[in-house]
Amino acid sequence: MSGYLDSLNQAQREAVEATEGPVLVLAGAGTGKTRVLTTRFAHILLSHKAFPNQILTVTFTNKAAREMRERVGRILGQPAEGLWLGTFHALCARMLRRFADRVGLQSNFSILDSDDQLRLLKQVMETARIDAKRWPPNALMAQIQRWKDKGFMPTEIPAAESSDFANGRAEDLYAAYQARLKALNAVDFGDLLLLCVHLLKTDAEVLATYHKMFRYILVDEYQDTNLVQYYWLRLLAQGHKNICCVGDDDQSIYSWRGAEIENILKFERDFPGAKIVRLEANYRSTAPILTAASHLIAHNEGRLGKTLHSGRNDADGDNVEVVALWDSEEEARMVGSRVESYRRAGESLAEMAILVRAGFQTRAFEERMITLGIPYRIIGGLRFYERAEIRDAIAYLRVLAQPSDDLAFERIVNTPKRGVGESALRLLHEQARADQLSLYAATEKLLQGGGLRGKVRESLRELLSHFTHWRDILGREGHVVALETLLDESGYIDMWKADKSPEAPGRLENLKELVRALADFEALQGFLDHVSLVMENEERDDDAKLSMMTLHGAKGLEFDIVFLPGWEEGVFPNQRALDEGGNKSLEEERRLAYVGITRARRRAIISHAANRRIYANWQSSIPSRFIEELPDHVVTRTGSAAMNQSARLAAPPSFPLQARRVREADIWDTPARPARTDKIPVGARVFHQKFGYGRVIAVDDDRLDIDFETSGEKRVLDRFVERHDV
Ligand code: ATP
Ligand code: MG
C-alpha cells in the first residue's frame, strides 16, 4: 500500500509525510515539487486522513489541473472525481456559485470576458461624463485590475494606493462599475477572487463551512501567486493550518500580472513554525542541462538561492547546444530537420517542444512543420493563422484581392469600429440579395443611390475609397506596402495600440510577423492560397504531435527534447525589458530562460539567427546575453552563421526585393520608439502604460526615475511616458 512512497527521496518523503501543519517546499526546477504534491494528496487519502473532497488543491493552469488529476488517479488506481482541484479562478467560481446570494449575486451569474468588461466600464464612464479621450477606459480597467489583484474593494483602497485618474474619481468609477456588474448579475475575472476573499472575510459562517471542509490545502507554483490569491489561501488555511505550498523563486515569471515573490517570505511570518523543506536533487534533466541552467540563473541578484544537483543515474548526457544560424528561415529549417532526424531515431514527437519568447515566433516553425508534414499543436494559444488579428488582416487582403469575398468583407466592415452596426449590415444584405450583388458591390450601389445615411454612409464611403486607394498601391508598390498601408490607414493598428490589455502588444507583434510572412511571396494571390492550404492542415487529434508554446505556457511541463530558438537581444530578452533599463525586468527574463532550459530532460537546443527580417528589410541581430552566460564546459557551440559583419550586407538571393516607400513614421510604434523632443522635468506627473501614474524624482538624460503610485520606484526611458500635468 505504501509503495507510492518508495519512489521518493528522503526530503520528498518528509514533505509528503508531514501532513499536519504548514509546510513550504522551496526548491529548484525538476526537483519533484509537483510530484510531492501529488503524492501528498494520495498519501492523505490512503492513510484515511481525509476524503477526496476535503482536500483543496490549487494549480496554475487548467492543463496542470488535468495532469494532476490524472497523476492522482494513477496512484489511487481509479479516476479521481469530485475533487476541489483547479486554478484559483475555477475554485473561487465554484465557491461563489454556492454562496452567490451572500455577495448580492444569483448563482447563475455570468463571468464577463475582457471585451464585455471594457464595454461596461465605458458605459459607466459615459454616465459619469468622463471624457474617454482624455482618460482612456483601458487605463482605468488596468487600475481596477491592480486593485483587485491586491484585494481592495472600492471602499477599501488605502490612500497610498489611490489613483489620479479622472482627477481622483477612479474610486467612484470603480464603485459604479461594481454596482453595474451586480445589477447585471455578472462578475469579471478579477471579481472571482476579490468577491471570494470578501465573502470569507465578512461571513463567518461561510468561512467556518470551508474550514470544516478543507482539512488539507495544497498549492503548486506558489511563487506566482498575487496578493488577493494569498489572502484567499491564508483565510482558508487558518482552519486546520494544514497547508503545503511548493514553489521556486527562480521561476517567478508573472510579476507583470501582479504576482508577489514576497508571498514566499510572508508564508513564514503568517504560519509560524512552518516546516521548510528543500529539495536539491533534480530528476528531470541531465547534468549538462542542469549545470547550464544553474549557471545562468546565478547571474540574478535577487534570489533566495539554493543548490541543485542531478538526481538522475544517466548523469553525463549530451551538452546543451547553441546553434548560430544565418537567418530565421535557416533556424526553422534546422529545427525541422532535427525534429525529423530525432523522429527517425525513435524519439516521439510528443516528447519534443519548441518554446518561444513571444507568440509571433511560432509562425516560421509552423510553416516549416507543415512543409515537412510534421503534426504539431500550439499549447495555450492558437495557430498563427487562426489568431483573431491575423484573420482580420487577411480578411482585408482578401477583400483587396477580391471585393466580392462577402465573408471577408463582413468580418472587417466594422473592424475597427466604424459605426456600421447590425441594422446597417442588414440593409447591405437586403440590397445584395435583391440585386444578386456582392456586399461590396451592394454597398457601392447604396452609396450611389443615397440609400445610406449619416455616420454609416460616411464610414462606408471612406472604407470603399480606401480600398480603391489600397488597390492602387497594390498595383504600384506591391503587396507588402499595400498591407502595411491598409493596416495603418484602416485604423486597425491604432485599434490595437489603443488597447491596453496584456495581449495587445503580442497582437501587434503578430501583425508585424504577418508582414514578414507576406514578403516571402511574389504576389498577394500566392500568399492567400498558401494561407488557405495551411488552414486546411488539421490532422487527427490522437496522433503524437510536436508541441509549440511560449515559455510562460511551459511552466511545470517537461519534454525529452526542447528547442529554444530566437535567443537574440531584443527578442529574448525582449525589447521591452531592455528599454525599461534596470535589472528587474531583465532578471525576470533570465528566470524565463531558466524555466526554458529546465523543461528539457535530455536535450536542449538553443539557437539564434544572425539576421532577422524587419518587415521587408534585413537587420543583423546579436546573440542573447543569456547565451554568453552559459558555462562553456557543458555547452557545444555550432552553426553555419559565420558571425562576421559582412554577413549582414547580403540578403539571401531568393528574397524578392520590394520597392518600398519610405515611411515617415514607423506605424508600429514598438520596439523602436522615437526619442522625445521635449524634456520632462523633475516633479512632473506622468503616465506609463505598464506602471501607471507617477512622479518624476530624477532625470538622467533620457532616463527617468519615477515614483509610481502603485508600483514604487522605477527607472524608465522618457519616451515611454506621457506627461499628465500640462
Ligand atoms: P518544476 O519546477 O518544473 O515545476 P517540479 O519540481 O514540480 O518541477 P516534477 O515535475 O514534480 O518537478 O518532477 C520532475 C521530474 O522528475 C518528473 O518527471 C518526476 O516524475 C521526476 N521525479 C521527481 N521525483 C523523483 C524521484 N524521487 N525519483 C525519480 N524521479 C523523480
Ligand atoms: Mg512542478
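Indexing begins at 1, ligand by ligand and atom by atom, following the structure's order.
In terms of protein heavy atoms, atom 24 (N) of ligand 1 is closest to Gln12 NE2, 3.0 Å. The protein heavy atom nearest to atom 5 (P) of ligand 1 is Lys33 N, 3.5 Å. For atom 29 (C) of ligand 1, the closest non-hydrogen atom on the protein side is Tyr283 CD2, 3.5 Å. If you check which protein heavy atom lies closest to atom 19 (C) of ligand 1, you get Arg35 NE, 3.7 Å.
Side-chain contact between Thr550 and Leu355: absent, with no pair of heavy atoms (C-beta onward) separated by less than 4.5 Å.
Taking the ring axis of Phe271 as reference, the NZ or CZ atom of Lys241 does not stay both within 45° of it and closer than 6.0 Å to the ring centre. With Phe267 as the aromatic partner, Arg234 does not meet the cation-pi criteria of under 6.0 angstrom to the ring centre and within 45 degrees of the ring axis.
When non-hydrogen atoms are compared, ligand 1 lies under 4.0 Å from neither the backbone nor the side chain of Ala281. For Asn9, every heavy-atom contact with ligand 1 shorter than 4.0 Å involves the backbone, none the side chain. If you look at Thr34 next to ligand 1, the close heavy atoms, those under 4.0 Å, come from the backbone and the side chain alike.
Interface atoms of ligand 1 facing Gly32, defined by a heavy-atom separation under 4.0 Å, are 5 (P), 6 (O), 9 (P), 11 (O), 12 (O), 13 (O), 23 (C). Interface of Arg599 with ligand 1, defined as ligand atoms under 4.0 Å from a residue heavy atom, comprises 3 (O). Of all atoms in ligand 1, numbered sequentially from 1 with element shown, those under 4.0 Å from a heavy atom of Gly556 are 4 (O).
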request  = Take Leu218 and Leu56 through the side-chain contact (heavy atoms from CB on, under 4.5 Å) test and state the conclusion after the steps.
outcome  = CA-CA 6 Å; Leu218 313 176; Leu56 179 74; over 6 Å; no

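Residue contacts with ligand 1: Asp248 is excluded, as none of its non-hydrogen atoms falls under 4.0 Å. In this structure, Thr598 falls outside the shell of residues with a heavy atom less than 4.0 angstrom from ligand 1. Put simply, no part of Arg601 is less than 4.0 Å from ligand 1, judged by heavy atoms.
Across Glu321, Arg343, Met352, a single residue satisfies side-chain contact (heavy atoms from CB on, under 4.5 Å) together with Arg338, and that is Glu321.
Taking the ring centroids of Phe60 and Tyr254, they lie under the 6.0 Å cut-off. Phe572 has its ring centre no less than 6.0 Å from the ring centre of His608. For an aromatic pair to be called close, the ring centres must be under 6.0 Å apart, and Phe214 with His240 fails this.
By heavy-atom distance, the residue among Glu558, Arg284, Gln251 lying nearest atom 18 (O) of ligand 1 is Glu558.
Under a 4.0 Å N-O distance rule, the pair Glu509/Arg576 qualifies as a salt bridge.
Under 3.5 Å, the side chains of Tyr283 and Asn9 contain a donor-acceptor pair of N or O atoms.
Annotation: Gly30 places an N or O atom under 3.5 Å from an N or O atom of ligand 1; distance criterion only.
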